[in-house]
Amino acid sequence: MKAFITCKRCGAEDLDLARYETLLALSSDLAVFTLRCPHCHARISAVCPIPPDLKAEVAEAASKMGAGMGGAHPASR
């Protein structure tokens with residue numbers, strides 16, 4: 001299932017979160033996504049739930065970086 005946001009500049013409603021340029025995970029379920037509108041080329045940022053399709057990718061990246069994704073770090077257990 002794809003997740004979409006709307007471009008604040010041109011109103012396009014088909015901005016696919018999976019095509020993000022940057023992603024900043026705020027928690028295991030929430031992130032700031034930044035992507036470029038394919039229609040007007042505006043850079044759009046939005047706080048959105050992490051789509052189920054991306055959760056494994058985000059969790060893997062967080063693990064490689066030592067980010068906890070909401071859980072305790074192994075050293076603190």
Side-chain angles (χ1 to χ4, degrees):
M1 179 177 123
K2 291 190 176 191
F4 298 95
I5 61 171
T6 301
C7 177
K8 295 172 187 164
R9 180 189 280 174
C10 73
E13 297 178 339
D14 61 347
L15 281 67
D16 183 359
L17 288 178
R19 298 183 58 112
Y20 64 88
E21 290 181 355
T22 59
L23 181 148
L24 172 63
L26 301 174
S27 70
S28 61
D29 295 323
L30 195 64
V32 178
F33 292 85
T34 301
L35 54 149
R36 190 158 308 270
C37 176
H39 306 283
C40 71
H41 307 289
R43 181 164 285 152
I44 307 299
S45 293
V47 176
C48 301
I50 300 171
D53 305 16
L54 295 178
K55 282 197 175 200
E57 178 182 332
V58 173
E60 181 180 344
S63 176
K64 286 180 182 178
M65 294 179 60
M69 288 300 294
H73 292 286
S76 65
R77 291 185 191 161

Got a second to check how far [X]'s [atom1] is from [Y]'s [atom2], nearest 0.5 Å?
X	Y	atom1	atom2	result
D29	C48	CG	SG	13.0 Å
F4	L15	CZ	CG	9.0 Å
C40	R43	SG	CZ	12.0 Å
H41	R9	NE2	CZ	10.0 Å

Please report the shortest heavy-atom distance between [X] and [Y], naming the atom on each side.
X	Y	result
R19	L35	O-CB, 3.9 Å
L54	A18	CD1-CA, 4.1 Å
L17	P49	CD1-O, 4.4 Å
H39	D14	NE2-OD1, 2.8 Å
I50	S28	CD1-O, 3.8 Å
A25	V58	CB-CG1, 4.3 Å

Look at the side-chain heavy atoms of Ile, Leu, Val, Met, Phe, Trp and Tyr, link any pair under 4.5 Å apart, and say whether L24 and L30 land in one connected group.
yes
Under a 3.5 Å distance rule, please check whether K2 uses its side chain to pair with a backbone N or O of D53 as donor and acceptor.
no
